[in-house]
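Notes follow the structure.
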Amino acid sequence: MHLKCKFCISTALWSGWMWFWSNISGPKTGPKSNTKTLLRGLGLAACLSSLCMAAAPPEVQPPPPTPTVAPLVDRSHAEQAYHLIRDWLTIGSFDAQPVTPSLRVSGVDAVCVTLRSSGLTMGTGQALAPTPTNTTPQNKNALQHPVDLVPLLRQAAQAAMKDAQDKAHDLQSRAAMTQDADDENKPAVSDLANRLQIDLQIAHAAEPLELTDKADIVAACQRFIPGYHGLRAVKPNAGRAPTTALVWPATALAANTSPPGQVRRLLADLGLSEEQPNQPLPTGQLSLQRFSVLHVVQPGPDQPPVVLTRGQQVIPTTSVSDRMLTDTADRLTAFLLKRKQPDGDWSGTYHPSIDRYDPATAPIEDLSLVAFVLGRRANFLNDANNGNHPDARGVALARDTAVDTLRRVLLPNAGASPASSHPAAALLLLTLLESQESTAKHKPDRDALAKQLLGLRRDDGWFTASRADGVASTNRPTQALIVAALTGLYEQTRDQALGAQVLASSQLLWQDAQPADVISALPWLAMAEFKLRSLSGTFDHADEGRWLQATLALAKAVDVLRDQLIRTAPPVGSGDVVGGFDLSPTPNALCPDPDWRTAHMLTYLALALGQEQLAAGQERLSWLLDCGLASRFLAQLMVQEAGCYYVRSTGDAVGAVRMKLWDNRLGVAPAAMTLLAVTELQQQIKTISR
């Protein structure tokens with residue numbers, strides 16, 4: 001009995017160790033698998049030895065397997081998917097290979113692969129998950145539906161590459177002036193691989209738009225965030241599989257498709273184009289959904305992939321600093337200087353989606369704004385560096401070039417008739433008054449511009465578009481610009497008659513003025529009002545009631561604006577809107593949609609910071625924090641290198657300011673106004689820190 005027990009124990013130990021060794025010697029997935037195998041082997045050996053010593057060992061049942069749930073798709077999966085596509089392109093084949101692992105995830109509806117060459121779209125392909133997920137409240141567990149990304153990626157990448165091969169072959173045929181369409185002459189996948197940039201979008205589970213039966217396109221646009229959400233429509237087909245159409249968010253950004261245009265595109269793909277504007281959507285014939293994506297893209301040749309949100313990298317709010325303000329201003333200045341043409345004009349609005357300028361040159365109002373802002377920037381750089389900043393001279397020369405062009409347009413002769421563009425004339429006058437050079441050089445032009453503008457003033461203090469009878473008053477921003485320019489002129493001349501006219505006209509600006517209605521006027525209102533306040537002692541007829549009224553109006557405008565500042569990320573969408581101003585809040589809107597007019601708001605708040613009647617002590621610190629957030633949003637609106645995946649000419653885009661987070665038109669006015677806002681903020685910080 002003793003020998004039998006010893007033999008049994010030895011056999012058990014030997015069997016356990018052999019089982020353990022055989023399991024660890026095979027292929028495993030990683031260190032955790034080896035550790036788990038070790039524990040199981042030791043446990044089995046000990047268990048067998050104990051059972052052999054027992055009189056009647058019971059039968060051992062293995063534990064039931066633990067069910068596995070596919071993880072929700074995340075950034076790491078998207079990066080793996082990107083590199084998998086890159087490997088297929090490099091080896092020149094999409095065929096299944098034993099070394100290609102599965103990539104099982106959940107919460108995925110579809111994938112889209114776009115192949116580009118230096119921003120030019122060469123091919124696009126998409127693939128739908130076999131069983132689309134359903135995120136309705138009745139079936140939330142469907143989010144865990146597992147999907148293997150690998151076959152979806154292969155299907156989409158193959159379709160995109162076929163398009164790319166066809167397009168490359170077509171371009172080669174055109175270059176060779178032949179009509180050779182032989183498929184055998186198409187470039188191989190591996191030949192194109194080094195010239196193609198991968199743009200991958202992985203769609204998260206879609207959710208319904210929840211529209212009413214009478215909802216139109218406007219209502220649909222209020223249920224998704226442009227650039228962040230894609231659109232999906234499913235149309236049932238009797239006895240057949242439903243038809244599905246998708247609009248991908250990054251693709252819509254690259255094409256600069258407006259939100260209504262995205263909805264119309266979706267309907268057109270399903271053969272349901274609207275016949276009349278604003279007609280109700282055919283919600284009874286299809287299901288409309290929205291979805292967000294994981295977007296991994298290679299911004300340009302020989303660049304590593306990046307993960308983008310709404311086509312750009314989100315700037316953290318913690319990055320706001322003096323260094324960020326300086327970098328932002330430097331990039332804006334460089335962008336504006338690049339837009340200068342040899343003849344003195346500035347290039348107009350660049351459309352990166354089509355690689356075209358339209359209009360070719362900036363309007364006269366935009367050019368005058370550029371001249372004023374460059375002059376302001378040059379003065380700030382010189383003041384901050386005791387008149388010896390290395391970049392100030394180049395900025396001042398660019399300003400002078402713009403001024404010469406403006407003089408030829410706005411002042412063709414001495415004593416010319418009123419200018420056709422009054423905002424441009426007012427800005428040119430402001431630019432000449434801001435010049436630190438001798439005023440004698442600009443005095444004739446200064447006086448001619450002042451004569452033009454004063455000739456538009458009615459007896460009631462309002463400025464009109466012309467002196468003809470029955471002509472309406474100018475809009476409030478133009479009125480504010482003219483008042484600001486004439487206030488600067490009064491500061492130089494101290495002409496009492498001019499001062500009385502300016503004071504009376506400025507007082508009209510605050511009558512029935514709602515901050516939301518005078519967004520573009522606020523910077524010029526502030527410049528005029530604060531300068532008038534500093535000159536109040538020169539007015540014989542000045543009274544405390546007038547300044548009290550203006551102070552109350554200024555304070556009200558500040559309070560309204562600060563209430564509209566977006567300080568935290570919205571519940572749905574991205575944090576890229578933080579720092580923008582929600583100027584037109586819609587009760588049913590999914591997410592605020594701030595735009596480049598945040599630059600007007602920041603300029604106004606920065607100028608108000610210098611007024612002790614409005615901001616002092618802790619209140620001033622709070623204002624500074626709000627201004628920092630606003631500058632962060634304006635930096636977010638700027639085109640980053642990482643977001644140039646669809647841009648044909650990055651030199652024409654980098655450093656420009658987009659109209660909105662989903663509108664990539666790049667004019668000079670948004671960049672100039674943003675540079676003015678940042679410069680005024682830097683000036684106030686410099687003044688406060690003294």
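Bear in mind the structure is a predicted one, so any value in this text is a computation, not a measurement.
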Using a strict 4.0 Å threshold on nitrogen-to-oxygen distance, state whether [X] and [Y] make a salt bridge.
{"X": "Arg665", "Y": "Asp663", "value": "yes"}
{"X": "Lys531", "Y": "Glu491", "value": "yes"}
{"X": "Arg567", "Y": "Asp626", "value": "yes"}
{"X": "Asp327", "Y": "Arg331", "value": "no"}

field: Gln611/Phe530 under side-chain contact (heavy atoms from CB on, under 4.5 Å): CA gap, chis, key distance, verdict
entry: CA-CA 8 Å; Gln611 305 299 308; Phe530 299 149; 3.4 Å; yes

- request: Please lay out, stage by stage, how Thr487 and Glu529 fare under the test side-chain hydrogen bond (donor to acceptor under 3.5 Å, both in side chains).
  value: CA-CA 9 Å; Thr487 300; Glu529 185 61 38; over 6 Å; no

task: Could you pull out all residues at least two apart from Trp346 that satisfy side-chain hydrogen bond (donor to acceptor under 3.5 Å, both in side chains)?
output: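 Scan of Trp346 (side-chain hydrogen bond (donor to acceptor under 3.5 Å, both in side chains), adjacent residues dropped) gives none.
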
- request: Using the test side-chain hydrogen bond (donor to acceptor under 3.5 Å, both in side chains), find all partners of Thr251 that sit at least two apart in sequence or belong to another chain.
  value: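 Counting only residues at least two positions away or on another chain, Thr251 forms a side-chain hydrogen bond (donor to acceptor under 3.5 Å, both in side chains) with Gln201.
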
query: By ring pair (Phe, Tyr, Trp, His ring centres under 6.0 Å), which residues pair with Trp596, not counting sequence neighbours?
result: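 Trp596 satisfies ring pair (Phe, Tyr, Trp, His ring centres under 6.0 Å) with His600 once adjacent residues are dropped.
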
- prompt: When Ile685 is tested against each of Thr687, Leu681, Ile688 for side chain to side chain contact (heavy atoms under 4.5 Å, CB included), which residue passes?
  reply: Leu681

message: Taking the ring centre of each residue, are Trp248 and Phe291 less than 6.0 Å apart?
response: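 Yes, close enough.
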
- request: Determine whether Leu288 and Leu266 make a side-chain contact, defined as any pair of heavy atoms from C-beta on separated by less than 4.5 Å.
  value: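 Yes - at least one pair of side-chain heavy atoms lies under 4.5 Å apart.
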
task: Could you walk me through whether Ser574 and Arg310 pass side-chain hydrogen bond (donor to acceptor under 3.5 Å, both in side chains), step by step?
output: CA-CA 8 Å; Ser574 169; Arg310 213 184 322 200; 5.6 Å; no

task: Might you work through the ring-ring contact (aromatic ring centres under 6.0 Å, His included) test for Tyr645 and His295, ending with a clear yes or no?
output: CA-CA 11 Å; Tyr645 59 96; His295 185 205; 5.1 Å; yes

message: For the backbone of Gln501 and the side chain of Arg457, can you confirm whether one donor and one acceptor N or O come within less than 3.5 Å of each other?
response: yes

- prompt: Donor-acceptor pair, Ser506 side chain versus Leu503 backbone, under 3.5 Å?
  reply: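 Yes, Ser506 side chain to Leu503 backbone: donor-acceptor pair under 3.5 Å.
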
